[in-house]
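First the structure, in the form of structure tokens, and then the observations on it.
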Amino acid sequence: MKFLNHSFKNKGFTLIEVAVVSIILLMVIGFLGFLSVKHFWIYNSQINELSAENDVRLSLDDVDNYVRQSYRVASSHDMYSTGAQILVLQIPSIDSSNQIIDSTYDYAAFYLQGDKLIRQIFADSSSSRTDLTRILASGVDSSNFSFTYDNADYSLVKEVTTSITVTQGFSNYQRSVTVSSKSYLRNYY
Amino acid sequence: MSIVEVIVSILLIVILFSLLVMEYRVLLISKSQKYQNIAYHVANKEMEDLRSTVLSGLQASGTISDPLLSQLPSGDGNYTVDDSADYSGLKELTVTVTWNDGVSKSVVLKTLASSAGLNSQ
């Protein structure tokens, strides 16, 4: 008779081992989840922050650029009238050599359309500028957007201050940037 | 669990944690850029004010009072008007905006002004 000698080795895990491994696994999963959530939050909030900053900077630079070129703040042009949220500028027209054309003017209107800041150019037919409408910023907070002037009589205005708040994103990822800028009409004479 | 598995797991966690630390670093840099943008606009506004002042009326120095400074941690600003060292008859305008977000930082704008330029207005 032949007897088989079975060795009863413990090939599984003990309850303690399973419990410890499970706890470690849960901790790792929790940590990875925390990292993922933080990563998502940082990514979205930063995208919104950079977008808001970019819009604010570009729009203020654009307004300043046109104010500095201007001859006067016009009280109105086309369907736009200068006020707290609309700015109409009278700018000397320029020829193809960038030389000023005497007594000829283009107009630039800055205004809000919904939450967008728009710049619209009305060029004289002899000007090298062209009619153009451009969105300068989106997400503009209309209650925190204004043009202020150093004189109530627009024909005497020499200084324009622009204040703007741009908000991008939503919920916890929402970011707002508020900046103002001031510029003088270099061609006022 | 072999020693190799443990090492690989720890390595992965360290890499992921490093990524998080790097992201926070980016967050700080982004905030610093925001402050710099605000400081630049404050300095630029002050410079525009100085450029619109008659040259003889410019004070030798002064402080900046702008509501935007309150957005900067320990935000402060000042300007100086000096005779240009390089060009006689010209004034050198220097506008400085400082803030401290853990490290002292500043934005400095400089320009030259003359009675024949914008400052004669």
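Keep in mind that the numbers below use all heavy atoms, side chains included, and drop hydrogens, waters and symmetry copies. Note that this is a predicted model, so its numbers are computed, not measured. Here is how names work: the chains are called A, B, and so on, in the same order as the sequence lines, proteins then strands, and each is numbered from 1.
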* More than 12 foreign heavy atoms under 6.0 Å from CD1 of A/Ile135: is that the case here? -> no
* Structure fact -> Distance col, row A/Trp41:CH2 vs B/Glu23:CD, nearest 0.5 angstrom, shows 10.5 Å
* To do: Answer yes when B/Lys45 and A/Glu159 have at least one side-chain N-carboxylate O distance shorter than 4.0 Å, and no when they do not.
  => no
* Distance-minimising heavy-atom pair for B/Phe17 and A/Leu35 -> N-CD1, 4.2 Å
* Heavy-atom distance under 4.5 Å to chain A: side chain of B/Ile13, backbone, both or neither? -> both
* To do: For atom NZ of B/Lys105, decide whether the heavy atoms of other residues, nucleotides or ligands shown that lie under 6.0 angstrom number more than 12.
  => yes
* Are A/Ile121 and A/Phe147 connected in a single hydrophobic cluster, I mean Ile/Leu/Val/Met/Phe/Trp/Tyr linked by side-chain heavy atoms less than 4.5 Å apart? -> yes
* What pair of heavy atoms forms the shortest contact from A/Ile42 to B/Leu27, and how long is it? -> CG2-CD1, 4.2 Å
* B/Tyr40 and A/Arg57: side chain to side chain contact (heavy atoms under 4.5 Å, CB included), yes or no, with the steps? -> CA-CA 10 Å; B/Tyr40 163 74; A/Arg57 191 169 54 244; over 6 Å; no
* Quick one: do the B/Ser30 and A/Glu49 side chains pair a donor with an acceptor below 3.5 Å? -> no
* **Inter-residue atom distance A/Ser180.OG - B/Ile38.CD1, 0.5 Å rounding** => 10.0 Å
* To do: Report yes or no: do A/Ile86 and A/Met79 belong to one cluster of Ile/Leu/Val/Met/Phe/Trp/Tyr joined by side chain heavy-atom distances under 4.5 Å?
  => yes
* Structure fact -> In this structure, NZ of B/Lys34 is separated from CG of A/Leu50 (nearest 0.5 Å) by 11.0 Å
* Asked: Side-chain contact, heavy-atom cut-off 4.5 Å: B/Val26 with A/Tyr43?
  -> no
* To do: Flag yes if B/Val42 and B/Val108 sit in one hydrophobic cluster, no otherwise; membership is Ile, Leu, Val, Met, Phe, Trp, Tyr, and two members link when side-chain heavy atoms are under 4.5 Å apart.
  => no
* To do: Provide the closest heavy-atom pair for A/Arg68 versus B/Asn44 in the form atom of the first, atom of the second, distance.
  => NH2-ND2, 3.7 Å
* Taking all atoms of both residues into account, what is the closest heavy-atom pair of B/Asp49 and A/Tyr184, and its distance? -> OD1-OH, 2.9 Å
* **Interface moiety of A/Phe34 toward chain B, non-hydrogen atoms closer than 4.5 Å** => side chain
* To the nearest 0.5 Å, how far apart are OG in B/Ser52 and NZ in A/Lys182? -> 7.5 Å
* Asked: Between B/His41 and A/Ser181, which heavy-atom pair has the shortest distance, and what is it?
  -> CD2-CB, 3.9 Å
* **A/Thr178 portion near chain B, given a 4.5 angstrom heavy-atom threshold** => both
* Would a hydrophobic clustering, with Ile, Leu, Val, Met, Phe, Trp and Tyr connected at side-chain separations under 4.5 Å, put A/Leu136 with A/Tyr111? -> no
* To do: Is it possible for you to say whether A/Tyr107 and A/Phe110 belong to one hydrophobic cluster, with membership spreading through side-chain heavy-atom contacts below 4.5 Å?
  => no
* Side chain, backbone, both or neither of B/Glu46 within contact of chain A (heavy atoms, under 4.5 Å) -> neither
* Inspect the surroundings of CD1 in A/Ile16 and state if more than 12 heavy atoms from other residues, nucleotides or ligands are less than 6.0 Å away. => no
